[in-house]
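First comes the structure, then the notes that go with it.
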Number of protein chains: 2
Amino acid sequence: MNPNAQVSRISKGKRTEIRRENERVILDAAEKVFAEAGYGGATMQLIADMAGLPKANLHYYFPTKEALYRQVVRNIFEIWLHAADTFDEAPGPVEGIGGYIEAKMAISRRHPFGSKVWASEVMHGAPVIQDYLETTLREWTAGRMAVIQRWVDEGKMAPVDPRHLLYMLWAMTQHYADFGHQIETLNGGRPLSDAQWREATETVKAVILRGIGVV
Amino acid sequence: MNPNAQVSRISKGKRTEIRRENERVILDAAEKVFAEAGYGGATMQLIADMAGLPKANLHYYFPTKEALYRQVVRNIFEIWLHAADTFDEAPGPVEGIGGYIEAKMAISRRHPFGSKVWASEVMHGAPVIQDYLETTLREWTAGRMAVIQRWVDEGKMAPVDPRHLLYMLWAMTQHYADFGHQIETLNGGRPLSDAQWREATETVKAVILRGIGVV
DNA sequence: GTCTATAAATCGATAGAC
DNA sequence: GTCTATCGATTTATAGAC
């Protein structure tokens, strides 16, 4: 019997589909385990159990634990980047910054694990995505700072330092994901309801938009 | 020869002093290593090297890695708690909340490792200090929310939800410690200067105080 | 109270049958 | 492409001499 028998029984397209589906299952499990246990605390066995696969299969799809982690971080980074489309198309700070806050709060609710993995990566000195910080993120930041500065120059908002305003927006919106456990505990042990998420988003928007002098 | 010979050569007070000094050195090293590597990534060997002691000595002063970690987290928690003395003695939100922002920003600069250990602990579900969240922090939060609500009722500030305002203050001030590496990278790889820390603090204060309608 | 040596457990990664 | 068994390295913790 040929040990490669399955190669001839399963089409190339089928194998590609199996690979894509397994990679997705593994990445979802890895994101959760890395978020809840940290990189050092996460084990391939834990991720394998969460994904419902034998541990060896993880090494078949991702050569090392670090390669798997790297892919998780990259996926999150992509989500962050596209959260600011509202920024570029907005006529002014009310729509631009208000919309950015709404988009980032929605991401915090939808991708809490990804946000935590990102926070953990940065807190530990960005050993894996340092090059991204120095290239992509730096350019992204410079572009948005320019937009904010233009609004200031046009008199559309109070003269606020664009850099620190961006940091404030990142901090407040990601806090609801990264410190979600603390917020949940202070909410009587219950996750925030739809109404409470709306309340949080509206409060952040109200304070910031008033704080930059546009309402 | 008596193996306890040193007991008779060293006084009880001297031994207490040695213990206190060694515990301090170990705790300082542990705070830094836990912050930079995470709980799972930190090893007793790394902490011992950082402290300049043999690994076995750590186990002499702290029975387990978890007990050492627990003490590090507790120390940080105490620092957080006393950061809000300005809150209680202030006549209004300008001094109270403005002073709180200044105090928290100063702590972020002075204790960046502690802030990161706390953030990491909360992000991973607070396995060690969950009871503190449910008791001390909950009471602390309720007390400050009452003060803010009183200011709102007295017309001293705009009607802003006290709970989410507190979360915003925590998020923005701690961001400068927890995401310090990212901020440093976006600052050309250099730590923030004295002037830049002042600028950051003033920007946060200006936006928040204007945002709650007191300036 | 200090330190070396080591026991006991765990983890990342791989070999090799299927 | 799947899975069991296991190797080799690392880690927490301790034993025991000094």
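None of these values were measured; they are calculated from a predicted model.
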| note | Residues at least two apart in sequence or cross-chain that pass side-chain hydrogen bond (donor to acceptor under 3.5 Å, both in side chains) with A:Trp80, listed by chain then number, are none
| Set of residues satisfying side-chain hydrogen bond (donor to acceptor under 3.5 Å, both in side chains) with respect to B:Gln174, sequence neighbours excluded | B:Lys104
| task | List for me each residue that meets side chain to side chain contact (heavy atoms under 4.5 Å, CB included) alongside B:Thr43, sequence neighbours excluded, and say none if there are none. | result | B:Gln45, B:Leu46
| remark: Sorted by number, residues from residues 20-51 of chain A placing a heavy atom under 4.0 Å from DNA chain C are A:Ala42, A:Thr43, A:Met44
| In whole angstroms, how far is the P atom of D:dA5 from the NZ atom of A:Lys55? | 13 Å
| message | Under a 3.5 Å cutoff, is there a donor and acceptor pairing between the side chains of A:Arg74 and A:Tyr132? | response | yes
| query | Who are the ring-ring contact (aromatic ring centres under 6.0 Å, His included) partners of A:Phe113, not counting sequence neighbours? | reply | none
| field | Counterpart residues, side-chain hydrogen bond (donor to acceptor under 3.5 Å, both in side chains), relative to A:Glu102 (two or more places apart) | value | A:Lys205
| request: Enumerate the residue pairs fulfilling ring pair (Phe, Tyr, Trp, His ring centres under 6.0 Å) with a member in residues 48-67 of chain A, sequence neighbours excluded, ordered by first and then second residue. | output: none
| Going by number, which of residues 64-71 of chain B have a non-hydrogen atom under 4.0 Å from DNA chain D? | B:Thr64, B:Lys65
| request: Report the distance from atom CG of B:Leu53 to atom P of C:dG1, rounded to the nearest whole Å. | output: 13 Å
| query | Which pairs with one or both residues in residues 119-130 of chain B pass side-chain hydrogen bond (donor to acceptor under 3.5 Å, both in side chains), sequence neighbours excluded? | reply | A:His181-B:Gln130, A:Thr185-B:Gln130, B:Tyr69-B:Glu121, B:Gln130-B:Glu134
| note | By side-chain hydrogen bond (donor to acceptor under 3.5 Å, both in side chains), B:Arg150 pairs with (sequence neighbours left out) none
| task | Applying salt bridge (charged side-chain N to carboxylate O under 4.0 Å, His left out), name anything that partners B:Asp131, two or more places apart in sequence or on another chain. | result | none
| said: For DNA chain C, which residues of residues 56-63 of chain A approach it to below 4.0 angstrom with any heavy atom? | reply: A:Ala56, A:His59
